[in-house]
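In each ligand, atom 1 is the first atom listed, and ligand 1 is the first ligand listed.
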Amino acid sequence: MADLSISTTTGSQNCVEGVRVFEEYSLHLLPHNPAWLTTAPAWVTSLSLPHHTLLANIQKWSQELSWKTHLSEEDRRGVAPPLRVGVNQMYGRHLVAARDMRAGEVVLVEPPLLLALRAKSPPYCSRCYRRAEHFTCPGCGFFLCGVECMTESHQEECAVFRRLGLADPPQDERQKEEELMCERVAAMPSEQRAQAQALLQQARKTALQQRRLDVLRQYMVQPAVRTLLTMNQSDLKRKLILSLQGNSDTGSQRYRINQKRIVDVVINQLQAATDPTLVHQVCSVWDTNGFEVPLGWGTRVHGLYPLASLLTHDCRANTQQWFTADGHLVLRAVDHIPEGSVLTTCYTDPQWATLLRQDHLRVSKQFTCTCTRCLDPTEMGTFMGSPLCQGCGGPLVSSAPLDPKSDWICHSRCPHTATAKEAAGVGAQVGGSLRGLSPTDAAALNAMASHLKSTLYPTHHVLLQLHVSTLGTIVNKDLSEMPVEEIRTLAAISSLVTGVIKQVEAPLTRLTVRMAREEVRLQLQLARRGHGDERLASKNKLKGLSRQVADCELVLGWDDRMPPFSAVLRDYQALMEEQ
Ligand SMILES: [Zn+2]
Ligand SMILES: [Zn+2]
Ligand SMILES: [Zn+2]
Ligand SMILES: [Zn+2]
């Protein structure tokens, strides 16, 4: 497999060994990635296949081939993945584009190595993650859909979790207890019987509720237990999990929480491991590499995807991941990616300003991002972090964007400045006024945006997020009934938002196309309903949006959880054909 070769710039043997493990693992991913073969079936080159069709095709294709993981030299020559694993001082292990990639191309399909419940989930089935609150496993007490989910894979962890003693007592035991209680109650003076009966019933109910609550509390332990069990399944899985990066700072609060809530439970109560260092390592592997995975039925779980977790962070990423209903990760190029580029994803919210993103990355991922946007005080000319200069009404920008203590200076070169504290004060004040605001109340969102315009630059991230929420309220709305004045206001908001997003996001990200969709819909309304110049201007604007229309058609077609676009496209085409 020539293209998964190592590009080493540091001599660390450990790193090289780690890369070998990932290469071997990549071979196991071949059945999910027909596009990696030089003899790939023709359908894999279609960028517009919806993910469920893509996955169904892949499944059918891989079933028709008999897969072997030990490929011959000749087989290996026929494998050319678009990505390879690299290692250097700056990024550690990372993924590199092995050839030029088109925007929209599938870079990688990766099934989860592991899925697990999230710590604060409501009662979900431990096996299939559907909402399940009426049936609990008679062995471990964890929620399941029913006996159909007491499968072999559940039995393995059931044997571990039953040591917590959270299952309901067996039927015959309950019956015996019931009979005993009845006898005791019957022996009581008649005037006390009713009260005793009620108390007993209450006690039974409380014990049951307590067991259910205890099960929910133990959701936090499930990822670690599943990982330890998986590590026993094969040498490769063990090596792979131990090769994943985990930042475990023994002085951190996270470490203390992991010790108390996970490590102690796994070792003392569950007896699933004996080495606390190993359990801490497993916890930090999840903390550092865990993906939040939205499944098809609205459940969110945690997932481990070893190859995708080698993606490097960038605030303007060149790839984005989608998840299919059953948790497969589909990684797409969201921009043109030249050969040799580092493949990147965004671990934080690109809609936030630099200070906020930096803070989030420091706390959640323990590093400082030094991407082009983070180093640019204007944030690529968007001024998304800028308070309004009280001297001239221009934007204030940080004099050193990576230093939260640096002064803010006026970008319009008036002598006005603000200390870091004053700039942060504006943020805190804004944060305070946003509390309790409903994201579905368009009128309140607008009123808040007008109120904040006296302290924030018009493209400040808080204002933009209010605008994004406002635009979110019209996604499923029929605009033909909306007063034209309102359409005009929304169209102005949407032009502002898409203008900024184009600077900070790649063209095919979910946010870019979602916002482009609303811009197209609003301009379509203005072109249909406006008069004279306005009508013409909207039509010209729509002509200029043809690229975004094509992007919307592509990206919104991948996933049925995205807003539909075909009706908008029909309207667009019909209007463009009119004279
Ligand atoms: Zn189930
Ligand atoms: Zn069980
Ligand atoms: Zn950055
Ligand atoms: Zn100024």
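Between the Zn ion (ligand 2) and the N, O or S atoms of His154, the shortest distance is to NE2.
If you put the vertex on the Zn ion (ligand 2), SG of Cys158 and SG of Cys137 sit 100° apart, to the nearest 10°. Computed with the Zn ion (ligand 4) at the centre, the Cys392 SG to Cys410 SG angle is 100°, stated to 10 degrees. Centred on the Zn ion (ligand 3), the angle running from Cys369 (SG) to Cys371 (SG) is recorded as 110°, rounding to 10°. With the Zn ion (ligand 4) as the vertex, atom SG of Cys389 and atom SG of Cys414 span an angle of 110° (nearest 10 degrees).
A salt bridge links Glu292 and Arg118; the closest N-O separation between the charged side-chain nitrogens and carboxylate oxygens is under 4.0 Å. Here Asp551 does not pair with Arg517 in a salt bridge; the nearest charged N to carboxylate O distance is not below 4.0 Å.
Using modelled atom types and a 3.5 Å distance limit, the side chains of Thr348 and His360 yield a donor-acceptor pair. Looking only at atom types and distance, the side chain of Ser495 has a donor-acceptor partner in the side chain of Glu519 under 3.5 Å away.
Checking Cys374 against the Zn ion (ligand 3), an N/O/S atom falls under the 2.8 Å cut-off.
Environment of OH in Tyr91: sparse, with no more than 12 heavy atoms of neighbouring residues, nucleotides or ligands closer than 6.0 Å.
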